[in-house]
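Below: the structure, in structure tokens.
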Amino acid sequence: MITTQRRRSHYRLLGLVGHGQFGRVYCAVHRRTGELVALKDLNRDRFSTHKFLRELRFLLSLEHPHIATCQALEHSATGRQLVLDYCEGGTLRYLIENEVPLTLTEVLGFVRDILSALDQAHRQGIVHCDIKPENILLSIAPGGWQAKISDFGIARLSQESSDSDLGHVGSPAYMAPERFYNQHPAAADLYAVGIILYELLTGKRPFSGTPAELMGAHLNQRLVLPETIPAPLKDIISKALQKLLPRRYKTASEMLQAVEAAAERLSPAALSVAISTPQDPPLLAPALPFVTLPHPVEHLGLVSLSAPAKLDQPTSARGEQLLVSCQQQQVWFYHWTSQGQDVVGQTQGFSLPSPVQRFEATPYGGCFFTDHSMHLLSMRYGLAAIARFDHPVAATIAPNGRWFAACSRGNQAQETQLILRRLVIKSNETAKAATITRVNVPLGQGQVITLAALDACHLVMAIQQGEATALTGFTRRGNCIGTLHLPTVVQSLVPTGQPYRFLAQEKNHPNALLIIDLKPFRVSRYRLDIEPRWLFTTAAGYAAASADGQLRLMSASGQIIGRLDRLPRPIDILPLSPTQLLWAASEPAHSRIYTVDLQQLGLDLIF
């Protein structure tokens, strides 16, 4: 539907996700349907309204799984935007710049997606004219990505505009020789695909320099192919980057057939090995300070002894603390020194009715979670059972400790009941929970994976639906605020301290790390050389640890910046600060609690 009347926009903006040559790009949601879209602002001075209305029918005709389809032209009081398919995985440029390891299968998959989209566009007489990694959008798929080409409509309009309208359009690093003479054949798009293939395989482009130097290189410089590129792919790149147009692939279909034939010539082992830049071998862990506890450990926690008396009081500064140690149903407390490298005495412990699954600290103490119950620990009023359930539940508690939420998990059903309760602590009384609301949440034969508090007022429910995950947000009053769909299944959501951002592990893909931003919705995937069991935030970015005692540090953009092996095999890891971890390793009759200081590991990092 084409909207020409100016009115309040049909879409609510969730955030800026990019800048294009012709305007900004926003993540937005349709106010009525909840559909997630990309809104691309359009410069009124560069494209007149009548020109876009004339050309919109061509843009709407480009429907293909690997083309970011144009759905409509939106007019509102804030301006004019193209409504496009939204791709939550970012761009191919992001993968290249952050040196995300890719297998040959994934590289060839990107090229296949691009060529199949170009084949349909070229058959309709539409040449893109600006194929480059920035214009290749990514959607998350189980274990990988799907590529979609964006800005097809801009390209078509660019071809029909004079230089005075648009100036020089295109990216010199990816422009075929004839493009510098203002010629726009379909084979010019294939030339750009050849450069992208070269860049994905080597991490750099075949030609570099200023725009003038790039023009000279594309016209005259001989192509040099590194020996690291497999021979079948050398043949494809060599033909795609021929200087003379008649020597190149004639159609996208022809080049796609060549890619398929090359894939058949490569061995399964070659296709599955990740292409990555050389890395130094992992450092070996130094001797670490530790304390010994006289029992095995499964879960760790740390609570402040100087907690506020009421939930609405601010959290006190870090002072004397208790180390919480859990093993099955048993819980012990130890005084923890300010240096964090010693324990002083053991306080009285207690037993819970069922095994502890995890412990979360709160401003006033903490909360023990079991499959069927929740128990609130207050440093002033002791331990209180605040919820009991007949079935296993997923549960979360707000960061400020004022409310919690729970719902049945694991069993497939048509719906589940989300229970939200307010926590109340009054003078000389134990903690009590008062029900705020109960909400029936439709699952459609799905199953709840986890609940996670977003902030003091919101939470998110992760629901597995086949091979996808629905992330549904609620207020603490139980009002649904929308659902985001992730085309893969996550196992957990780990808060990062940054608003609306979580770390997650991907089901059936043990080496994958996902960074999920909910507002605006963005998902980044990184492949690790370990199978992470613990994910957490550090002063340098993020960290992942395996059950074998391997630690990987990553920057905020996902690049591996530190690798450490041969740490004690952990049973649990507790972030103590942005640079310190408590690392629990259990023996049959006792356990050791190591202090891992990231600043003292010789990782050549500045925190």
Does [X] pair with [Y] as a salt bridge, N-O distance under 4.0 Å?
X	Y	answer
Arg552	Asp565	yes
Arg527	Glu106	yes
Arg592	Glu587	no
Glu360	Arg358	yes
Asp548	Arg566	no

*In terms of ring plane angle, is the pair Phe368 and Phe350 parallel, tilted or perpendicular, where the classes change at 30° and 60°?*
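Correct class here is perpendicular.
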Just wondering, do [Y] and [X] contact through their side chains at under 4.5 Å, heavy atoms?
X	Y	result
Cys326	Glu298	no
Leu493	Leu503	no
His458	Phe474	no
Cys27	Leu36	yes

Distance-minimising heavy-atom pair for [X] and [Y]:
X	Y	result
Ile593	Ala584	CD1-CB, 3.7 Å
Ala556	Ile515	O-CD1, 4.5 Å
Ser272	Thr105	N-OG1, 4.5 Å
Arg563	Ile560	CG-CG2, 3.5 Å
Leu420	Gly478	CD1-CA, 3.8 Å

Distance check, rounded to the nearest 0.5 Å: [X] atom [atom1] versus [Y] atom [atom2]?
X	Y	atom1	atom2	result
Met374	Thr370	CE	OG1	9.5 Å
Leu601	Leu551	CG	CG	7.5 Å
Ile463	Cys407	CD1	SG	8.0 Å
Leu443	Met461	CG	CE	7.0 Å
Leu383	Leu352	CG	CG	6.0 Å
Arg569	Ser546	CZ	OG	8.0 Å

Looking only at the side chains, is there a donor atom on one of [X] and [Y] sitting less than 3.5 Å from an acceptor on the other?
X	Y	result
His375	Ser373	yes
Gln491	Glu506	no
Ser351	Gln329	no

*Using side-chain contact (heavy atoms from CB on, under 4.5 Å) as the criterion, list what pairs up with Ser586, not counting sequence neighbours.*
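side-chain contact (heavy atoms from CB on, under 4.5 Å) list for Ser586, sorted by chain: Pro296, Val297, Ile571, Ser591.
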*Could you walk me through whether Val17 and Phe521 pass side-chain contact (heavy atoms from CB on, under 4.5 Å), step by step?*
CA-CA 9 Å; Val17 294; Phe521 186 44; over 6 Å; no
*Can you check whether His30 and Tyr11 have ring centres sitting under 6.0 Å from each other?*
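For His30 and Tyr11, the ring centres are under 6.0 Å apart.
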*Is the Tyr542 to Tyr526 ring centre distance short of 6.0 Å?*
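No, they do not, as the ring centres are separated by 6.0 Å or more.
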_Tell me every residue that passes side chain to side chain donor-acceptor pair (under 3.5 Å) with Ser139, counting only those two or more places apart in sequence or in another chain._
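Result, side chain to side chain donor-acceptor pair (under 3.5 Å) vs Ser139: none returned.
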*Within a radius of less than 6.0 Å around CZ of Arg422, do more than 12 heavy atoms belonging to other residues, nucleotides or ligands occur?*
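No, CZ of Arg422 has 12 or fewer neighbouring heavy atoms, counting only those of other groups under 6.0 Å.
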*Pick from Leu581, Val596, Leu535: which one makes a side chain to side chain contact (heavy atoms under 4.5 Å, CB included) with Ile573?*
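Result: among Leu581, Val596, Leu535, Leu581 is the only option passing the side chain to side chain contact (heavy atoms under 4.5 Å, CB included) with Ile573.
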*Qualifying residue, where the test is side chain to side chain contact (heavy atoms under 4.5 Å, CB included) with Phe359 and the options are Val303, Leu300, Leu302*: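 Of all the options given, the one that passes is Val303.
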*For Trp403, is the NZ or CZ atom of Arg421 found under 6.0 angstrom from the centre of its six-membered ring and inside 45 degrees of the ring axis?*
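No, Arg421 and Trp403 do not form such a contact.
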*Qualifying side chain to side chain donor-acceptor pair (under 3.5 Å) pairs with a residue from residues 386-397, counting only residues at least two apart or across chains*: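 Counting only pairs at least two positions apart or across chains, no side chain to side chain donor-acceptor pair (under 3.5 Å) contact touches residues 386-397.
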